[in-house]
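Only a predicted model underlies this, so the values are computations on that prediction, with no experimental measurement involved.
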Amino acid sequence: MAISCETLILGSGLAALSHALEASKAGSKVIIATKSQLEETNTSYAQGGIAAVLRTDDSFHSHGEDTKKAGVGLCNEEIVQLTVAEGPTAIDRLVEAGVRFDRSEKHLEHSPYDLTREGGHSHRRILHSADITGKEIQRALIETLKSRQNVEILENHCAIDLLTLRKLAKRQKKPDRPSPEHDRVVGAYIYDERNDQVITIQSKVTLIATGGGSKVYLYTSNPDIATGDGVAMAWRAGAKIANMEFIQFHPTCLYHPEAKSFLISEALRGEGGILRRIDGTRFMSKYHELKELAPRDIVARAIDSELKRTGDDYVVLDMTHLDGDFVANRFPNIHRQCLEFGIDMTAQPIPVVPAAHYVCGGILTDKDGASTVKGLFVAGEAACTGLHGANRLASNSLLEAAVFGHRSALAARTVIESSPTNYEDIPPWHYGEAVASDELVVISQCWDEIRRFMWNYVGIVRSDRRLLRAWRRIETIREEIREFYWRASISRDLLELRNIAVVAELIVSCARLRKESRGLHYTLDYPEISLEPPKDTIIQRENIS
């Protein structure tokens, strides 16, 4: 089956939905393809909030300086200033779409919103909706989009690969294939999981907003969908990738055998939570002057160091010195979830460990979300805009998604207007000799092995030796996956495994190129920041077949 549209959006989080809202205003057809349900996104799991300058005693300059300080000299100055300056307008768009942020009678002279503070921020500038901010944003935007007649939503549709003119010319055995610099994305092959078929979607503009890839690690705060699909597809299509070595490990994921990837929001520390060893000793003052409010990379490394030194399995986040009613009312979802695991956070400390949380690199884009391949835009965690540098400031992720989801839609209008109406002879998906496999253990084995060696060798603390071991393993596993992929019929598990292996390779490749410790990339062989001017790690696939 083949269908066409002006705008194809892969993903359904804040970046995707922001783009869709703006793109659909022009009346052109928009297709949103998401590999799970529309609500199952990293956005939905964002508890803390979204950063924006909304108080009279705050400033864009201050927000920008906090962002650049967290990014350890690697942030793009233009992108930082652009993003923080567009923050208030982005919030207005969300409120107009129906998002209900918490308001407060306190400090009305500064702002009507109940703004909180998180690690690395010098002011209270985090808007939230209790402790389910992402879920509330997702709810409002989905309700708005479902009323748009020109928006088609395809759930349980997993993208296989981007359609490019160069790939099409190769399949058709044309001698005059476009050069990489003249290549163009014209849609994607999409696997319809429910009907077990591959459909072809032709589009004038394609937006990748598929989120991050932290499921490449054994321990992560991310949902199962976070397998880096967009980054892997863009890499195969020839797009430039940047700064994949910078993986943010959230300091506090709930430590409990039955708690799968449950995040304990940074906002708890923003409201006065204290990190302690199991024996009750407070330790963050040894690592940073801001103690628990230090940037995430410092807090995560501090916890990792304490665990390695003591041999303990976890540390604890103590809220018991705060008013119990305040804690329960400010964090109702976290309080309820902890109670389900037998932990009353108002009366006992919460056991926590670091976990892979956010990819600060991704597909290289310009200030309008355009990638280095024509027709392909990127927004959200899959993009490397230059905002985060070597470390993301807390709650800047939703801000970036809202700003660049909208900016990319505005820029895409020009591309749509100048694009050809259609491309002839796009062939249907070629199933070849692939059959249902009776060796699915290959998928589970490779998946488990990748996540374990990435955690052990390419985690919070790295070394040249560990990275070399990871590189050797991923080369072998990629070959096993490649062989299995071409002879087994398509499934979501297989597609995700293929993509997660690419993401692992990209992280290791970038990490091996950076000969210093900066931000989230800490290596025992180069423990100091280089004295050379800071630069991005940019890589591109050499031979596009």
| Taking atom types as modelled and ignoring hydrogens, do the side chains of D114 and H128 form a donor-acceptor contact shorter than 3.5 angstrom? | yes
| request: First locate atom CE of M244, then atom CD1 of I363, and finally report the distance between them rounded to the nearest 0.5 Å. | output: 9.0 Å
| Salt-bridge present (D318, R276; N to O < 4.0 Å) | yes
| task | Output, in order, the C-alpha distance, side-chain angles, deciding distance and verdict of salt bridge (charged side-chain N to carboxylate O under 4.0 Å, His left out) for E96 and R93. | result | CA-CA 5 Å; E96 184 181 347; R93 286 195 298 270; over 6 Å; no
| field | Residues R407, E86: salt bridge by 4.0 Å N-O rule | value | yes
| request: Nearest 0.5 Å please: distance from the CD1 atom of I225 over to the OG atom of S44. | output: 8.0 Å
| said: Under 4.0 Å between a side-chain nitrogen and a carboxylate oxygen: does that hold for D66 and R125? | reply: yes
| Does any N or O in the side chain of S214 come within less than 3.5 Å of the main-chain N or O of T220, such that one atom is a donor and the other an acceptor? | no
| Taking only residues two or more places apart in sequence, or in another chain, which ones meet H388 in a ring pair (Phe, Tyr, Trp, His ring centres under 6.0 Å)? | Y358
| field | Donor-acceptor contact below 3.5 Å, side chain S12 vs main chain L38 | value | yes
| task | Identify the two heavy atoms, one from R518 and one from G73, that lie closest to each other, and give their separation to 0.1 Å. | result | NH1-CA, 4.2 Å
| query | Which pairs pass ring-ring contact (aromatic ring centres under 6.0 Å, His included) with one or both residues in residues 288-323, sequence neighbours excluded? | reply | Y255-Y314
| note | With sequence neighbours left out, the residues meeting ring pair (Phe, Tyr, Trp, His ring centres under 6.0 Å) with H357 are H250
| Pair Q138-T41, side-chain donor/acceptor within less than 3.5 Å | yes
| What is the minimum heavy-atom distance between T133 and A130, and which atoms define it? | OG1-O, 4.1 Å
| Do side-chain atoms of T43 reach the backbone of L14 as a donor and acceptor pair under 3.5 angstrom? | yes
| task | Examine distances only and state if a side-chain atom of T281 and a backbone atom of R277 form a donor-acceptor pair shorter than 3.5 Å. | result | no
| field | Salt bridge present between R514 and E516 (N-O < 4.0 angstrom) | value | yes
| query | Looking only at heavy atoms, which two atoms of L398 and G49 are closest? And how far apart? | reply | CD1-O, 3.5 Å
| query | Around atom OH of Y219, are there more than 12 heavy atoms of other residues, nucleotides or ligands at under 6.0 Å? | reply | no
| said: Just to verify, what does F326 make a ring pair (Phe, Tyr, Trp, His ring centres under 6.0 Å) with, not counting sequence neighbours? | reply: none
| Hey, is the main chain of R100 close enough, under 3.5 Å, to the side chain of S129 for a donor-acceptor pair? | yes
| field | Atom of P251, atom of I303 and distance for their closest heavy-atom approach | value | O-CD1, 3.4 Å
| Donor + acceptor pair across side chains of N499, T227 (<3.5 Å) | no
| query | Taking only residues two or more places apart in sequence, or in another chain, which ones meet T67 in a side chain to side chain donor-acceptor pair (under 3.5 Å)? | reply | N396
| query | Nearest 0.5 Å, what's the CG-CD1 distance between D536 and I241? | reply | 13.0 Å
| query | Can you tell me if Q81 uses its side chain to pair, donor with acceptor, with the backbone of E77 under 3.5 Å? | reply | no
| So, H19 versus S408: side-chain donor-acceptor pair below 3.5 Å or not? | yes
Could you give the side-chain donor-acceptor pairs of residues 377-387 under 3.5 Å, partners two or more places apart or in another chain?
residue	atom	partner	partner atom	Å
E381	OE1	N42	ND2	3.3
E381	OE1	G212	N	3.4
E381	OE2	V359	N	2.8
T385	OG1	L387	N	3.2
T385	OG1	E400	OE2	2.6

| If we ignore angles and hydrogens, is there a donor and acceptor under 3.5 Å between the side chains of R462 and T523? | no
| remark: Separation between CG (L54) and CZ (F101), nearest 0.5 Å, reads 9.0 Å
| query | Who are the ring pair (Phe, Tyr, Trp, His ring centres under 6.0 Å) partners of F249, not counting sequence neighbours? | reply | Y217, W455
| request: Tell me, please, which residues at least two apart from R492 pass salt bridge (charged side-chain N to carboxylate O under 4.0 Å, His left out). | output: E496
| Residues in salt bridge (charged side-chain N to carboxylate O under 4.0 Å, His left out) contact with K308, at least two apart in sequence or another chain | D304
| task | Quick one: pull up CZ in R309 and CD in E306 and give me the separation to the nearest 0.5 Å. | result | 4.5 Å
| Flag for R392-S397: side-chain donor and acceptor within less than 3.5 Å | yes
| Between E155 and T34, is any side-chain donor less than 3.5 angstrom from a side-chain acceptor? | no
| message | For the backbone of Y457 and the side chain of R466, can you confirm whether one donor and one acceptor N or O come within less than 3.5 Å of each other? | response | no
| query | Taking NZ, NE, NH1 and NH2 as the nitrogens, is one of them in R336 or E340 under 4.0 Å from a carboxylate oxygen of the other? | reply | no
| request: Please test V80 against N76 for side-chain contact (heavy atoms from CB on, under 4.5 Å), starting from the C-alpha separation and ending with a verdict. | output: CA-CA 6 Å; V80 171; N76 182 309; 5.7 Å; no
| Donor-acceptor under 3.5 Å (S62 side chain, D58 main chain) | no
| SB check R269 E266 (cutoff 4.0 Å) | yes
| Is the number of heavy atoms from other residues, nucleotides or ligands within 6.0 Å of NZ (K286) greater than 12? | yes
| query | Counting only N and O atoms by type, is there a donor-acceptor contact under 3.5 Å from the side chain of E193 to the main-chain atoms of N156? | reply | no
| query | Does the pair D229/K35 count as a salt bridge with the N-to-O cut at 4.0 Å? | reply | yes
| said: Checking D448 now: which residues fulfil salt bridge (charged side-chain N to carboxylate O under 4.0 Å, His left out) with it, not counting sequence neighbours? | reply: R452
| Donor-acceptor pair, side chain of T144 and main chain of A97, under 3.5 angstrom | yes
| request: Could you check Q248 against D297 for side-chain hydrogen bond (donor to acceptor under 3.5 Å, both in side chains), going step by step and ending with a plain yes or no? | output: CA-CA 7 Å; Q248 187 176 76; D297 61 322; over 6 Å; no
| Do other residues, nucleotides or ligands put more than 12 heavy atoms under 6.0 Å from the NZ atom of K68? | yes
| field | Set of residues satisfying salt bridge (charged side-chain N to carboxylate O under 4.0 Å, His left out) with respect to D131, sequence neighbours excluded | value | none
| CG on L322 to OG1 on T346, rounded to 0.5 Å | 10.5 Å
| query | What ring-ring contact (aromatic ring centres under 6.0 Å, His included) pairs are there with at least one residue in residues 501-528, not counting sequence neighbours? | reply | none
| Over all atoms of both residues, closest heavy-atom pair of I9 and A16 | CG2-CB, 3.5 Å
